[in-house]
Student: 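One structure, as structure tokens, below. Some questions next.
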Amino acid sequence: MRAAVAVQYLLPHRLLSRLVLWAARCRWRPWKNLLIRRVVAAYEVDLGEAAVEDATAYPSFAAFFTRALKPGARPLPTAAQAIACPADGRISQAGAISAGRIVQAKGQAFSVAELLGDEAAAAPYAQGQFVTVYLSPRDYHRVHMPLAGELVETLHIPGRLFSVAPFAVEAVPRLFARNERLVCHFRGADGPFVVVLVGAMLVSGIETVWSGVEVPPYASRPNGRDWQGQGIRLERGAELGRFNMGSTVIVLLPTGPARWGDLVPDQPVRMGQTLGNVTDVAKTSVDS
């Protein structure tokens with residue numbers, strides 16, 4: 001086992017993430033400007049597409065990290081049945097769910113039921129489709145709707161906070177089903193779908209547009225909320241939430257009419273680009 005992976009099991013995940021939370025929200029100008037400038041330089045962040053281009057104008061590092069983009073910076077698909085990418089980042093894996101199992105990396109998989117924390121909720125996706133998008137520190141960190149839908153239920157599931165960087169995803173068994181996460185169930189025109197916001201080491205917060213800050217506090221047990229009948233409907237491409245540091249988004253589509261395009265692991269993607277459509281039955285996976 002690589003040292004970097006072994007350390008993942010030993011580090012105090014939540015303590016480190018709480019420290020990052022404090023550091024990211026600190027408004028002392030020399031500190032927050034130092035953090036912002038270092039990240040911009042180290043990861044070649046393109047502030048030219050940000051609504052606020054001046055790095056020093058953000059009140060905190062967290063505000064910079066969750067920055068808005070200029071109008072039109074991420075065009076949405078024109079085709080009615082297109083599935084929009086939910087976030088900027090890279091494809092981790094995408095393809096068909098086989099016998100209720102999702103590919104994490106070559107030789108690694110986990111079940112839909114453990115990801116969603118509910119056997120019954122997992123049933124519609126046993127032979128469905130999934131896409132996993134990894135957001136690095138350089139990326140735009142707001143998460144958007146892949147399809148239009150009405151929010152039905154959320155489930156905050158407690159867990160670890162392993163890094164979701166590629167080296168950890170390849171080595172830590174069932175990582176996405178073990179990390180703290182927020183599962184969001186939606187009802188769309190073509191059936192249900194799920195968007196899972198996965199926490200990670202140093203991810204200091206997960207927020208949604210319907211209830212604000214969801215993480216922290218970290219969960220001690222699964223915490224579900226019923227949103228049916230509350231009229232929370234979001235159009236395709238609408239913002240649904242954000243990460244205060246880099247992490248991962250997983251989208252699940254049910255058994256039935258959906259197909260991804262030519263997606264391959266490590267492929268760069270941008271929020272709003274067409275990932276596939278909901279008019280054809282999927283037959284293939286990018287796991288190879």
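Please read all numbers here as calculations on a predicted model, not as lab measurements. Because only heavy atoms are used, hydrogens play no part in the values below, and waters and symmetry mates are left out as well, while side chains stay in.
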Student: Can you hop from Phe64 to Leu35 via hydrophobic side chains spaced under 4.5 Å?
Tutor: yes
Student: For Glu170 and Ala105, which heavy atoms make the closest approach, and how far apart are they?
Tutor: CA-CB, 3.9 Å
Student: Using every non-hydrogen atom in the two residues, find where Ser163 and Ala168 come nearest and quote the distance to one decimal.
Tutor: O-CB, 3.2 Å
Student: Going from CG on Leu116 to CG on Leu252, what distance comes out if it is rounded to the nearest 0.5 angstrom?
Tutor: 5.5 Å
Student: Spell out, yes or no, whether Ile36 and Leu34 are grouped together once hydrophobic residues are joined by side-chain heavy atoms under 4.5 Å, including indirect joins.
Tutor: no
Student: In terms of heavy-atom contacts, does CZ of Phe167 have more than 12 from other residues, nucleotides or ligands at under 6.0 Å?
Tutor: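 Yes, the 6.0 Å shell around CZ holds more than 12 heavy atoms from other groups.
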Student: Begin from the C-alpha positions of Phe186 and Met145 and carry the test side chain to side chain contact (heavy atoms under 4.5 Å, CB included) through to its verdict.
Tutor: CA-CA 10 Å; Phe186 293 93; Met145 295 287 286; 3.6 Å; yes
Student: Scan Glu150, Arg187, Glu153 and name whichever one has a side-chain hydrogen bond (donor to acceptor under 3.5 Å, both in side chains) with Gln228.
Tutor: Arg187
Student: Side chain to side chain contact (heavy atoms under 4.5 Å, CB included) for Val112 and Phe130? Distances and angles first, verdict last.
Tutor: CA-CA 10 Å; Val112 178; Phe130 80 97; over 6 Å; no
Student: First locate atom CG of Leu115, then atom CD1 of Ile250, and finally report the distance between them rounded to the nearest 0.5 Å.
Tutor: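 Rounded to the nearest 0.5 Å, the CG-CD1 separation comes to 5.0 Å.
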Student: Specify the closest pair of heavy atoms between Asp139 and Arg67, including all atoms of both residues, with the distance to one decimal.
Tutor: O-NH2, 3.8 Å
Student: Going by the angle between their ring planes, with limits at 30° and 60°, are Trp22 and Trp31 parallel, tilted or perpendicular?
Tutor: tilted
Student: How close do Leu147 and Ala82 get, heavy atom to heavy atom, and via which atoms?
Tutor: CD2-O, 3.6 Å
Student: Looking at Pro86 and Val249, what are the two nearest heavy atoms and their distance?
Tutor: CG-CG1, 4.1 Å
Student: Is there a donor-acceptor pair under 3.5 Å between the side chain of Arg225 and the backbone N or O of Thr154?
Tutor: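 Flag not set: sc Arg225 to bb Thr154 has no pair under 3.5 Å.
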Student: Passes side chain to side chain contact (heavy atoms under 4.5 Å, CB included), Ile83 versus Leu253? Steps please.
Tutor: CA-CA 10 Å; Ile83 304 165; Leu253 299 173; 3.5 Å; yes
Student: Do the non-hydrogen side-chain atoms of Leu197 and Leu240 ever get within less than 4.5 Å of each other?
Tutor: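 They are in contact (side-chain heavy atoms under 4.5 Å apart), so the answer is yes.
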Student: Starting from Val143, can I reach Leu76 by hopping between I/L/V/M/F/W/Y residues whose side chains sit under 4.5 Å apart?
Tutor: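 Each belongs to a different hydrophobic cluster.
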Student: Walk me through it: do Arg242 and Arg142 pass the test side chain to side chain contact (heavy atoms under 4.5 Å, CB included)?
Tutor: CA-CA 4 Å; Arg242 60 187 69 174; Arg142 300 191 183 192; 3.2 Å; yes
Student: May I ask you to check whether over 12 heavy atoms, not counting those of Glu119, lie within 6.0 Å of atom CD?
Tutor: no
Student: How many angstroms lie between CZ in Arg25 and CG in Asn244, if you round to the nearest 0.5 Å?
Tutor: 5.5 Å
Student: Closer than 4.0 angstrom, basic N to acidic O: yes or no for Glu235 and Arg233?
Tutor: yes
Student: Which distance, rounded to the nearest 0.5 Å, do you find between the CG of Leu263 and the OG1 of Thr132?
Tutor: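 Going from CG on Leu263 over to OG1 on Thr132, the span is 11.0 Å.
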Student: Nearest 0.5 Å, what's the OG1-OH distance between Thr66 and Tyr140?
Tutor: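 The OG1 atom of Thr66 sits 9.5 Å away from the OH atom of Tyr140.
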Student: For residues Leu69 and Val39: do they belong to one hydrophobic cluster (side chain heavy atoms under 4.5 Å, members Ile, Leu, Val, Met, Phe, Trp, Tyr)?
Tutor: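 No: no chain of side-chain contacts under 4.5 Å links Leu69 to Val39.
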Student: Same hydrophobic cluster for Phe110 and Tyr125, using side-chain heavy-atom links shorter than 4.5 Å among ILVMFWY?
Tutor: yes
Student: In Å, rounded to the nearest 0.5 Å, how long is the span from CD of Glu207 to CD of Glu239?
Tutor: 9.0 Å
